[in-house]
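Keep in mind that what you see is a predicted model, and the values were worked out from it rather than measured.
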Amino acid sequence: MASIRRTLSPSNERHYQNGNQYSVQSPSHKLVLNGKSSLLNSRKNYISRKKLFYRCLVFFVLGFVLGMAPFGGFDDAKNSDFSFEIKPPVVNVKEEMKDVVIPRPDNVVVNSVKLPGLGEEEVHGKFDYVSRKLLIVVTPTYNRALQAYYLLRLSEVLKLVKSPLLWVVVEMNVASAETADILRKTGVMYRHLVCSKNMTDIKDRGVHQRNVALEHIEHHRLNGIVYFADDDNIYSLELFESIRSINRFGTWPVAMLAQSKSKAILEGPVCNGSQVIGWHTNEKSKQLRRFHVDMSGFAFNSTILWDPKKWHRPTSDPIRQLDNVKEGFQETTFIEQIVEDESQMEAVPPGCSRVLNWHLHLEAHGAVYPGGWLLQKNLDAIISTT
C-alpha cells in the first residue's frame with residue numbers, strides 16, 4: 001500500500017472542521033486589528049463618560065434645587081428636635097385685612113363710650129392737659145428760732161399750687177442739715193442753694209441770696225415766672241394762681257404791719273383795670289422811690305434775665321439786686337432794670353381790688369435757737385401744773 005506522506009502545514013496554520021481557519025496574523029495585520037479595537041474602546045469610554053456627565057448633571061441640579069428649598073436653617077432644625085409639626089404660614093393682618101369690608105347691621109349705632117363710675121365732667125377734668133407756666137419761687141432763709149415754722153407754713157401753701165412749681169431756697173455760707181431735711185419732706189420740687197459771701201461786707205443778706213438765685217436761673221435758662229417769697233410772709237393760694245398770667249412784669253398791693261405793730265399800711269399799685277396808674281405809700285422816707293413796691297409785691301418773666309433781645313433791653317448787663325443803695329430802695333432799683341415805666345406793668349389781679357399777701361414783721365428776736373432744732377433736755381417749768 002502506497003503511503004502518502006502529507007506534509008504538515010506550517011505551525012501557524014490550523015484547519016478546523018468547520019472550514020474556518022485561524023491563523024496568526026502578521027505584524028501589520030495586528031496593527032490593523034489593534035486600531036479597530038482601540039476605536040471601539042475609545043467609543044465605549046466616550047459613551048460611559050457621557051453617561052457619567054449626565055448623571056452628575058442630574059445630581060447637581062437635584063442638589064441645587066433641594067438646597068434652595070425653604071427648609072429652614074440649621075438652628076431651626078436643631079431647635080425643632082426633628083419634629084414634623086406643620087406650622088401655619090405667617091399672615092400679615094394689615095395687608096390681608098386692608099381690602100376686607102366687614103358688614104355692619106344698620107340698627108347698631110355707637111355714640112360714645114363712658115367709663116363706669118365717672119361722669120363726663122370728671123373724665124374731662126382727669127384727662128384734659130392744660131399747659132401752665134413754671135412758677136419759680138425764690139426764698140432766702142437763715143437759721144433762727146422760727147425758721148422751721150416759717151418754712152413749713154410756706155411749704156403747705158406751695159403744695160396746694162398746681163404744678164409746675166420750683167422752690168429755690170437759698171441759705172448763707174452752708175446748707176444746713178435741718179433745712180435740707182425740711183425740704184425733703186415737703187413734697188415740693190426744690191433746689192437748695194448756698195450764698196458764700198463774706199458777712200462783714202453785707203448790709204442785707206437777702207439781697208445777695210436772691211442774687212444767687214437769679215444767677216442760677218440765668219445760668220440754667222429757666223423759663224417761668226420769678227417770685228421773691230420771703231419765708232416769714234403770709235400768702236394766699238390765689239396769689240400763686242394769679243401770677244401765672246403775667247407776661248412781662250406784674251405787681252399787686254401788699255398789706256404790711258407797721259414796725260410799731262399798732263397799724264397796718266398798704267403798699268403797692270393803684271390800678272385801673274389791668275393798668276397801673278399810681279402807688280400807695282404812707283412812709284415819707286420812701287416817697288422819693290420811683291416804684292413803691294414791697295419785695296413780695298411783684299413777679300416777672302424769667303426770660304428777661306437771659307434773653308435781652310426778646311424784650312428789647314437797651315443793655316445786656318446782668319439784672320441783679322443792689323446792696324449799696326439806701327435801705328428800702330432795693331426794690332425800686334431792681335425793678336428799674338426790668339421795666340421802663342408803668343405802661344410795661346400788669347395789675348394782679350385786675351383792679352388790684354384784693355390783698356393777696358401780708359408782711360407782718362413778727363420775727364422773734366429774743367427766742368433761743370436750739371442746736372439742730374432739737375431740745376436735749378426739758379425746759380424748766382415756769383408755772384407748775386399742780
Please report the interatomic distance [atom1]([X]) to [atom2]([Y]), rounded to the nearest 0.5 Å.
| X | Y | atom1 | atom2 | value |
| --- | --- | --- | --- | --- |
| Asn357 | Phe240 | CG | CZ | 8.0 Å |
| Leu222 | Thr303 | CG | OG1 | 11.5 Å |
| Lys159 | Leu237 | NZ | CG | 13.0 Å |
| Glu336 | Phe329 | CD | CZ | 10.0 Å |
| Leu214 | Ile136 | CG | CD1 | 10.0 Å |
| Lys326 | Leu288 | NZ | CG | 7.5 Å |

Under the side-chain contact (heavy atoms from CB on, under 4.5 Å) test, residues paired with [X] that sit two or more places apart:
| X | value |
| --- | --- |
| Pro350 | none |
| His280 | Leu266, Val270 |
| Glu241 | Val161, Lys162, Arg244 |
| Gln209 | Pro140, Val170, Met172, Cys195, Arg205 |

Closer than 3.5 angstrom, by distance alone: can the side chain of [X] be matched with the main-chain N or O of [Y] as a donor-acceptor pair?
| X | Y | result |
| --- | --- | --- |
| Ser163 | Leu165 | no |
| Asn301 | Ile225 | no |
| Asp323 | Asp204 | yes |
| Thr332 | Phe291 | yes |
| Ser302 | Gly224 | yes |
| Arg144 | Tyr142 | yes |

Any side-chain donor-acceptor pair under 3.5 Å between [X] and [Y]?
| X | Y | answer |
| --- | --- | --- |
| Gln147 | Thr179 | yes |
| Thr333 | Gln337 | no |
| Asp231 | Thr139 | no |

Answer whether the closest heavy-atom distance between the side chains of [X] and [Y] falls below 4.5 Å.
| X | Y | answer |
| --- | --- | --- |
| Glu340 | Gln344 | yes |
| Ser176 | Asn143 | yes |
| Arg354 | Pro349 | yes |
| Val355 | Val254 | no |
| Val138 | Val226 | yes |

Measure up the Trp279 and His292 rings against each other and bin them: parallel (under 30°), tilted (30 to 60°), perpendicular (over 60°).
->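 Trp279 vs His292 ring planes: tilted.
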
How would you list, by chain and number, every residue that makes a ring-ring contact (aromatic ring centres under 6.0 Å, His included) with [X], sequence neighbours excluded?
| X | result |
| --- | --- |
| His216 | His220 |
| Trp167 | none |
| Phe249 | Phe298 |
| Phe300 | Phe334 |

When you check the gap from the basic side-chain N to the acidic O, do [X] and [Y] get nearer than 4.0 Å?
| X | Y | answer |
| --- | --- | --- |
| Arg153 | Glu156 | no |
| Glu327 | Lys203 | no |
| Asp307 | Arg313 | no |

Considering only distance and modelled atom types, tabulate donor-acceptor pairs under 3.5 Å from the side chains of residues 51-62, sequence neighbours left out.
none

Can you list every salt bridge (Lys or Arg N to Asp or Glu O under 4.0 Å) pair that touches residues 341-350, not counting sequence neighbours?
->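 Those involving residues 341-350 are Arg290-Glu342.
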
Residues which pass salt bridge (Lys or Arg N to Asp or Glu O under 4.0 Å) with Asp230, listed by chain and number, not counting sequence neighbours |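 If we apply the salt bridge (Lys or Arg N to Asp or Glu O under 4.0 Å) test to Asp230, skipping adjacent residues, the hits are Arg210.
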
Would Phe228 end up clustered with Ile338 when hydrophobic side chains under 4.5 Å apart are linked, directly or stepwise?
->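 Per the 4.5 Å side-chain linkage, Phe228 and Ile338 are co-clustered.
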
Out of curiosity, does Leu183 fall in the hydrophobic cluster containing Val137 (side-chain heavy atoms, cut-off under 4.5 Å, transitive links)?
->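 Linked within one cluster.
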
Who passes side chain to side chain donor-acceptor pair (under 3.5 Å) against Lys185, sequence neighbours left out?
->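 Here the qualifying residues are Asp181.
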
